[in-house]
Amino acid sequence: MSTERFMMTLEEQFAQITARGVDLHSAEELKTRLATSIDTQTPLRIKLGADPSAPDLHLGHCVVLNKLRDFQACGHTVVFIIGDFTGMIGDPSGKSATRPQLSKAQVLENAKSYQDQMFKILDPARTEVRFNSEWFGPMGFEQVIRLSAQVTVAQLLARDDFSKRYAANQPISLVEFLYPLVQAYDSVMVKADVELGGTDQLFNLLLGREIQKAHGQEPQIVLTMPLLEGLDGVNKMSKSLGNYIAVNDTPGDTFGKTMSVSDELMWRYFSLVLCLPEPEIAALKAAVASGARHPRDVKDELGRRIVEKFHGAEAAAESSAEFARVFSRHQLPSDIPDVAVPAEAIGILTLMVKAGLAASTSEARRLVQAGAVRMNDEKITDFRFEVSPQDGMILKSGKRGFAKLKIKT
RNA sequence: GGUGGGGUAGCGAAGUGGCCAACCGCAGCAGACUGUAAAUCUGCCCUCUACGAGUUCGAUGGUUCGAAUCCAUCCCCCACCA
């Protein structure tokens, strides 16, 4: 496999690397560096940084990981940096409070979880994993000051979210100013040839170039990927907005969430998540436009392929079938959680809370009043309704809340 | 250190003595329509033994028949000037 990259010409590599809406800084530099790589038969070092405080990867992360996979397919090496040191600082892009400090053990655990998910896409054999505490741990304050001297406040304020917050009288902590510097210094320490991230990372990535130059290195090439919109179709996919599909979501959830994506947006998923080549996407679009294919079926294919990517073909087929059964044909899911109840009559509200279908009796009451609750497929409209439990009775709340009664003996 | 502005339900943001469980927007949930689409429309959106009751508006104490609103003390946040 180490010879694979010599089988690709510069043009082939360049085409693969620049596919799917990448923004490059700069194309010329990349070509030059690829040429050198081929001449000297040395793989390029492609850097990606990760924040170990949030080990749940979602499809948004996959956009970048897929691009890294492209690099690996060309024979290059991914340098994956776990920000165990920076993780304690907090992320400047978040308006929320600084993230809590993580213990060493927790960082390691998160890092492992991160890698488990990441290697569903990346090739471990071509991935070098580093922790940035390796160089920041022993760093003295003097070095910190020297590093800080390499950037001006004006430069930092040029970053979009900093300037906006500053203009809006919103706080910016000094630590947040330091964060891009820290990230840039990572690039120096691993001698990155290329660094990638989402378009929102552009500033940080470019700063890496400056700092590398200041340390006498060739500046890294910066490559940004489009941000994938989340399930709401508007905001970028992110954990804090809750509009994400996680790599570790169950096949059923992954499929269901995919189906809730709007028709317009699904093409982006085909491209950025599945890396389907443009001509194929164009063909699918044309098929839908002409009525040859129903958008629902195309989305079903999208769902199956995404599930397959993370959980295998079998899970993909199952989740699609299950979805059709429950939501298209309105049949019961194949797997309904049991609720243990005593044999005597029980109020519907209490029962719902017990079954985990409502967080409080007040919420249960609202659901009943909204007409969302069914007992054995019969709508319950009176919140004082008493159920005489029998084994196997089905309680349903909303579209996807199910519970099966089981008499406690 | 000084000056000014703040802390209200998940977020944003009204409210400055009774009409306040608290306008409004976003997010969320449910219903209708569907392809669990999206968009749209409607309702809900602190808790409870529920046409009533309890606990909420940074914290504690006070004034008052009555406070998110007034007073005192305290805690926290932000900007600007040093």
Side-chain angles (χ1 to χ4, degrees), chain A residues 94-98 157 162-176 229-245 249-270 285 287-288 291-304 306-307 319-334 345-354 356-374 379-386 395-402:
Chain A
K95 333 159 205 190
S96 54
T98 309
L157 277 176
F162 283 154
S163 55
K164 276 193 187 129
R165 283 160 68 191
Y166 189 68
N169 276 3
Q170 261 159 22
I172 302 171
S173 86
L174 189 53
V175 162
E176 295 184 59
E229 291 81 0
L231 302 177
D232 55 43
V234 180
N235 300 110
K236 73 165 182 174
M237 185 175 282
S238 81
K239 199 177 172 187
S240 55
L241 291 175
N243 60 353
Y244 65 99
I245 300 176
D249 271 346
T250 61
D253 279 348
T254 302
F255 190 88
K257 287 180 183 178
T258 303
M259 291 305 279
S260 77
V261 162
S262 73
D263 290 357
E264 303 81 68
L265 186 58
M266 75 172 160
W267 309 115
R268 298 266 290 170
Y269 281 55
F270 270 112
K285 271 188 191 169
V288 168
R293 290 196 68 181
H294 193 291
R296 205 213 88 97
D297 295 332
V298 176
K299 207 180 290 174
D300 177 78
E301 183 181 334
L302 174 69
R304 273 185 285 119
I306 290 176
V307 173
S319 57
S320 169
E322 175 80 2
F323 184 85
R325 175 164 57 238
V326 178
F327 295 111
S328 302
R329 276 177 265 129
H330 302 290
Q331 294 170 355
L332 294 175
S334 53
I346 182 170
I348 184 72
L349 302 184
T350 317
L351 181 61
M352 286 180 66
V353 172
K354 214 175 173 60
L357 297 178
S360 65
T361 58
S362 295
E363 187 181 315
R365 169 188 295 245
R366 280 176 225 127
L367 287 166
V368 170
Q369 285 172 336
V373 179
R374 284 166 186 273
K379 189 186 272 189
I380 308 287
T381 48
D382 179 9
F383 57 78
R384 273 167 300 216
F385 184 80
E386 298 264 320
L395 175 63
K396 183 182 182 200
S397 166
K399 272 172 279 192
R400 58 199 109 146
F402 291 93

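Proteins get letters first, then strands, A, B, ... in listed order; numbering begins at 1 in each. Note that this is a predicted model, so its numbers are computed, not measured.
Contact annotation for A:Lys379: no contact, since no heavy-atom pair falls under 4.0 Å across all strands.
We find that OH of A:Tyr244 is positioned 18 Å from P of B:A27, with the value rounded to whole Å. Whole-Å rounding puts the A:Lys396 NZ to B:A30 C1' distance at 12 Å. Put simply, NE2 on A:His294 is 13 Å from C1' on B:A38, counting in whole angstrom units. At whole-Å resolution of the value, CZ in A:Phe255 and C1' in B:G35 are 12 Å apart. Rounded to whole angstrom, the span from the NZ atom of A:Lys399 across to the C1' atom of B:G28 amounts to 13 Å. A:Lys257 places its NZ atom 13 Å from the P atom of B:G28, with the value rounded to the nearest Å. At whole-Å resolution of the value, CG in A:Asn243 and P in B:C11 are 18 Å apart. In this structure, A:Leu231 atom CG and B:A27 atom P are separated by 14 Å, rounded to whole Å.
Residues A:Ser163 and A:Leu157 approach most closely at CB-O, 3.2 Å, considering heavy atoms. Across all their heavy atoms, A:Phe402 and A:Leu357 have their closest contact at N-CD2, 4.0 Å. In plain terms, the two heavy atoms of A:Asp300 and A:Phe255 that are nearest each other are OD1-CZ, 3.0 Å. Annotation for A:Leu302 and A:Phe270: closest pair CB-CZ, 3.6 Å, computed over non-hydrogen atoms.
Rounded to whole Å, the separation between the C1' atoms of B:A27 and B:G35 comes to 25 Å. A distance of about 10 Å separates the C1' atoms of B:A30 and B:C45, rounded to the whole Å. One P atom belongs to B:A38, the other to B:C29, and the distance between them is 11 Å to the nearest Å. Comparing B:A13 with B:C26, their C1' atoms sit 11 Å apart, to the nearest whole Å. B:G4 and B:G52 have their P atoms separated by 47 Å, with the value rounded to a whole Å. Between the P atoms of B:U69 and B:G18, the separation comes to 11 Å (whole Å). Here, B:C65 and B:U47 have their P atoms 34 Å apart, quoted to the whole Å.
Considering only heavy atoms from C-beta on, A:Leu395 comes within 4.5 Å of A:Ile348 through its side chain. Looking at heavy atoms from C-beta onward, A:Pro251 lies out of side-chain contact with A:Glu322 at the 4.5 angstrom threshold.
Residues that satisfy the side chain to side chain contact (heavy atoms under 4.5 Å, CB included) test with A:Val261, not counting sequence neighbours, are A:Leu231, A:Leu265, A:Met266, A:Tyr269. With sequence neighbours excluded, no residue satisfies salt bridge (Lys or Arg N to Asp or Glu O under 4.0 Å) with A:Glu363. The salt bridge (Lys or Arg N to Asp or Glu O under 4.0 Å) test applied to A:Arg268 returns A:Glu229, not counting sequence neighbours.
For residues 255-265 of chain A, every residue pair satisfying the side chain to side chain donor-acceptor pair (under 3.5 Å) rule, not counting sequence neighbours, is listed here: A:Asp249-A:Lys257, A:Asp263-A:Lys299.
No hydrogens or angles were tested; on distance alone, nothing pairs the side chain of A:Asp300 with the base of B:G35 as donor and acceptor under 3.5 Å.
In this structure, B:A30 forms a base pair with B:U42, meeting either the Watson-Crick or the G-U wobble geometry with both donor-acceptor distances under 3.5 Å.
At the phosphate of B:A38, neither OP1 nor OP2 sits under 4.0 Å from any side-chain N or O atom of A:Arg296.
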Practice prompt. Sugar-phosphate atoms are those with a prime plus P, OP1 and OP2; base atoms are the rest. Using that split, label each nucleotide of nucleotides 44-53 of chain B B, S or - for protein heavy atoms under 4.0 Å, 5' to 3'.
Written response: SS-SBSB---
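Proximity of residues 322-333 of chain A to RNA chain B (heavy atom under 4.0 angstrom from any strand atom) is restricted to A:Phe323, A:Phe327, A:Ser328.
Of the candidate nucleotides B:A30, B:G35, B:A38, B:A38 has the atom nearest to the side chain of A:Ser262. Across B:G35, B:A38, B:U36, the shortest atom-to-atom separation from the side chain of A:Glu264 is found for B:A38.
Within a 6.0 Å sphere centred on CZ of A:Arg400, other residues, nucleotides and ligands contribute 12 heavy atoms or fewer.
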